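Here the structure is laid out as structure tokens; the discussion comes afterwards.
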Amino acid sequence: MLQQLGKNAKQAERYLMTASTEDKNKALKEIAQALRDHAGEIIAANKIDLENGEKNGMPQSIADRLKLDDERIEGMAKGVMDIVALDDPVGKVLKEIRRPNGLKIQKVSTPLGVIAVIFEARPNVTSDAAALCLKSGNTVILRGGKEAIHSNTVIAQVMRDAVSRAGMPQDVISLVEDTSRESATELMTMNQYVDVLIPRGGAGLIQAVVKNATVPVIETGVGNCHIYIDKEADCDKAVQIVFNAKTSRPSVCNAAESLLIHRDIAPQVLPAIRKKLDEKQVVLVGDEPSRALDETIESATEDDWAKEYLDYKMSVKIVGSLQEAIGHIYRYSTGHSECIVTENMETAEQFMNAVDSAAVYVNASTRFTDGGEFGFGAEIGISTQKLHARGPIGLPELQSFKYKIYGTGQIR
């Protein structure tokens, strides 16, 4: 079954890689409208997934990722339409060289080919990934987790029917309905059909893919995101940024998990942050200096400094300098997103230049690390690696390139 999906996707690739911008946008518009038209059907399927999750003791943070309602489906449709408005990345001349022998060499952007996306309990990824791949000329094989199988099956069929109405082969989008571990392992090793594999989920999924895949992988990010409050920070800004980064949606990878505070400002800012976080019952765990300032803070373990909680929990550490904060981030960061809160722009630049993460902020929430917020449309994930793609994976990151060489009979 999976081999046949691969064959079908490879055949559809030949059509999609040369499809016009107009044809791709027509298909995307059909997908967006279909998501809206079938919202009730999608929500009904999603309700089954949510009920099954509740029976199986699914954590609330995962259930939040899984849940779909009219507003979220409208967000999915809008994400697709946002991609329609973006420039087509295929066929861009990236560089042109004129050789002394008369050869004209062009470096031109091209689709990656067949992209497989393995993801967990986030059914919105189904439409985001499909739309991005379609606009960038790539066919996609989607493999979601068992937690969202009913939602994903309906969404995928809705999209396949939509592209068919637009005159495209249905197999530009396909879904692996077998959610067993064996199907994931097989997909990771389908080198003859899959050009690139993108995992999107928790640390366990990502590491399983990285360790077992023979297909090239774009590693997306576990997010142990840090906020460092400098001694010259604006206290009110710090409180609001921490509150937003931690609590606006704690189950996502760009939520802040670790808080570093300069000791000179800690007596002033920590109580204010604690009071604000209490509105969402956030649990804080910290080192001895932070606990000396706030006895409600629980004792942190070594594991806490590296933990992606994906919940209303956060680690706190008091540091004596900018360099100590940077050193802590270097040791425990996953390379996703970090923030400094300070009114000293020289200090801010030192932080931004020294911290080696995909996104580094000054006086802004880490929650902005997102394809839509960056103006990329939707995203397949946030890459924390350094080769080829880094940060939100949008249309440009789903391109490779080839060289076109124009001659007039030259021989060597």
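For reference, positions follow the sequence shown, starting with 1. Quick caveat, the model's predicted, so the values are computed rather than measured.
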Response to the item:
Which of S290, S299, S315 passes side-chain contact (heavy atoms from CB on, under 4.5 Å) with V285? Answer is S315
Discussion item. Tell me whether the count of non-hydrogen atoms from other residues, nucleotides or ligands lying under 6.0 Å of CD in E295 goes above 12.
Written reply: no
Worksheet item: Are D64 and R72 ion-paired here, with the side-chain N under 4.0 Å from a carboxylate O?
Response: yes
Worksheet item: How far does CD1 of I261 sit from CG of L270, to the nearest 0.5 angstrom?
Response: 4.5 Å
Worksheet item: Can D88 and K135 be counted as an ion pair, charged N to O under 4.0 angstrom?
Response: no
Worksheet item: If you draw a 6.0 Å radius around CD in E288, do more than 12 non-hydrogen atoms from other residues or ligands fall strictly inside?
Response: no
Worksheet item: Does E343 pair with K237 as a salt bridge, N-O distance under 4.0 Å?
Response: yes
Practice prompt. Verify whether one side chain among Q385 and E219 offers a donor that lies under 3.5 Å from an acceptor in the other.
Written response: no
Practice prompt. Could you tell me whether D128 and R122 have a side-chain N and a carboxylate O separated by less than 4.0 Å?
Written response: no
Worksheet item: In Å, rounded to the nearest 0.5 Å, how long is the span from CD1 of I141 to CD1 of I115?
Response: 10.5 Å
Fill in: Non-hydrogen atoms of I83 and A131 that approach each other most closely
CD1-CB, 3.6 Å
Discussion item. Regarding S383 and R390, do their side chains bring together a donor and an acceptor under 3.5 Å, going by distance alone?
Written reply: no
Discussion item. Can a side-chain donor-acceptor contact be found between Q240 and D236 if the only test is distance below 3.5 angstrom?
Written reply: no
Discussion item. Is it true that T369 and S337 share a donor-acceptor pair across their side chains at a distance under 3.5 Å?
Written reply: yes
Worksheet item: Without hydrogens or angle criteria, can the side chains of Y228 and D230 be said to hold a donor-acceptor pair below 3.5 Å?
Response: yes
Worksheet entry | Inter-residue atom distance L86.CG - T21.OG1, 0.5 Å rounding | 11.5 Å
Discussion item. Measuring only between side-chain heavy atoms, which start at C-beta, is V90 closer than 4.5 Å to P111?
Written reply: yes
Worksheet, complete the sentence: CH2 (W305) and OG (S333) are apart, to the nearest 0.5 Å, by 15.0 Å
Worksheet entry | Pair R36 + E74: basic N to acidic O under 4.0 Å | yes
Worksheet entry | Carboxylate-amine/guanidinium proximity below 4.0 Å for E13 and K10 | yes
Worksheet item: Okay, side chain of H262, backbone of G320: is any donor-acceptor separation there less than 3.5 Å?
Response: yes
Worksheet item: Hey, are the side chains of V252 and R367 touching, using non-hydrogen atoms and a 4.5 Å cut-off?
Response: yes
Worksheet item: Does the salt bridge (charged side-chain N to carboxylate O under 4.0 Å, His left out) test come out yes or no for E22 and K24, once each step is laid out?
Response: CA-CA 5 Å; E22 291 74 18; K24 291 186 286 188; over 6 Å; no
Fill in: F401/Y403 aromatic ring centres below 6.0 Å
yes
Discussion item. Can a donor-acceptor pair be found, under 3.5 Å and without considering hydrogens, that links the side chain of D287 to the backbone of K317?
Written reply: no
Item to complete: Could you tell me whether a side-chain N or O of Q33 sits under 3.5 Å from a main-chain N or O of E30, the two making a donor and an acceptor?
Response: no
Worksheet item: Would you say E349 and N353 make side-chain contact, with heavy atoms under 4.5 Å?
Response: yes
Discussion item. Do V93 and K107 have side chains that approach each other closer than 4.5 Å (heavy atoms only, starting at C-beta)?
Written reply: no
Worksheet item: Is the backbone of F119 close enough, under 3.5 Å, to the side chain of R143 for a donor and an acceptor to pair up by distance?
Response: no
Discussion item. I'd like to know if R160 pairs up with D171 as an ion pair, taking the criterion as any Lys NZ or Arg NE/NH1/NH2 lying under 4.0 Å from an Asp or Glu carboxylate oxygen.
Written reply: yes
Worksheet item: Looking at Y312, does the NZ or CZ of K280 lie under 6.0 angstrom from its six-membered ring centre and within 45 degrees of the ring axis?
Response: no
Worksheet item: Is there a side-chain contact between L260 and H328, using heavy atoms and a 4.5 Å cut-off?
Response: yes
Worksheet item: Near F368 CZ, under 6.0 Å, is it more than 12 heavy atoms from other residues, nucleotides or ligands?
Response: no
Practice prompt. Write down the atom of L68, the atom of N46, and the distance for their closest heavy-atom approach.
Written response: N-OD1, 2.8 Å
Fill in: Reported NE2-to-CD1 distance for the pair H336 and I382, which is rounded to 0.5 angstrom
5.0 Å
Fill in: Reported NZ-to-CG distance for the pair K276 and N244, which is rounded to 0.5 angstrom
10.5 Å
Practice prompt. Inspect the surroundings of NZ in K47 and state if more than 12 heavy atoms from other residues, nucleotides or ligands are less than 6.0 Å away.
Written response: no
Item to complete: Using a 4.5 Å cut-off on heavy atoms from C-beta on, say whether the side chain of S400 contacts that of V196.
Response: no
Practice prompt. Identify whether the distance between the nearest side-chain nitrogen and carboxylate oxygen of E302 and R331 falls below 4.0 Å.
Written response: yes
Discussion item. Between N224 and Y309, do the side chains contain a donor N or O and an acceptor N or O under 3.5 Å apart?
Written reply: no
Worksheet, complete the sentence: Closest non-hydrogen atoms of V269 and A238, given as atom of the first, atom of the second and distance, are CG2-CB, 3.9 Å
Discussion item. Taking S136's backbone N and O only, do any of them form a donor-acceptor pair with Q399's side chain (distance below 3.5 Å, no angle check)?
Written reply: yes
Worksheet item: Going by atom types only, do D161 and Q170 share a side-chain donor-acceptor pair under 3.5 Å?
Response: yes
Worksheet item: Is there side-chain contact between L142 and I173, with at least one heavy-atom pair below 4.5 Å?
Response: yes
Discussion item. Could you check whether D294 and T296, counting side-chain N and O atoms only, form a donor-acceptor pair closer than 3.5 Å?
Written reply: yes
Worksheet item: Which atom names give the shortest non-hydrogen contact between T126 and N152, and what distance separates them?
Response: OG1-OD1, 2.8 Å
Discussion item. Under 3.5 Å, is there a donor on one side chain and an acceptor on the other for N363 and T342?
Written reply: no
Fill in: N/O donor-acceptor pair under 3.5 Å between D264 side chain and K231 backbone
no
Practice prompt. Would you name the heavy atoms of A256 and I227 that are closest together and state the gap between them?
Written response: CB-CD1, 3.8 Å
Practice prompt. With the side chain counted from C-beta on, respond yes when M314 and V283 share a heavy-atom pair under 4.5 Å apart, and no when they do not.
Written response: no
Worksheet item: Considering all heavy atoms of both residues, which atom of E338 and which atom of V355 are nearest to each other, and what is their separation?
Response: CG-CG1, 3.5 Å
Practice prompt. Using a strict cut-off of less than 4.0 Å between a Lys/Arg side-chain nitrogen and an Asp/Glu carboxylate oxygen, indicate whether K246 and E257 qualify as a salt bridge.
Written response: yes
Worksheet item: Do other residues, nucleotides or ligands put more than 12 heavy atoms under 6.0 Å from the CD atom of Q192?
Response: yes
Practice prompt. List the steps and the verdict of side chain to side chain contact (heavy atoms under 4.5 Å, CB included) for K29 and V84.
Written response: CA-CA 7 Å; K29 290 175 183 177; V84 171; 3.8 Å; yes
Discussion item. Any side-chain to backbone donor/acceptor pair from D82 onto G372? Under 3.5 Å, distance only.
Written reply: no
Worksheet item: Under 3.5 Å, side chain of S109 to main-chain N/O of K92, donor-acceptor pair present?
Response: yes
Worksheet item: How about S180 and D178: does a side-chain donor come under 3.5 Å of a side-chain acceptor?
Response: yes
Worksheet entry | Worked verdict on K386 versus D356 for salt bridge (charged side-chain N to carboxylate O under 4.0 Å, His left out) | CA-CA 10 Å; K386 297 184 183 181; D356 189 22; 2.5 Å; yes
Discussion item. Between E308 and G223 (side chain of the first, backbone of the second, donor and acceptor by atom type, cut-off under 3.5 Å), is there such a pair?
Written reply: yes
Discussion item. Checking the side chain of T366 only, and the main-chain atoms of N254 only, is there a donor and an acceptor separated by less than 3.5 Å?
Written reply: yes
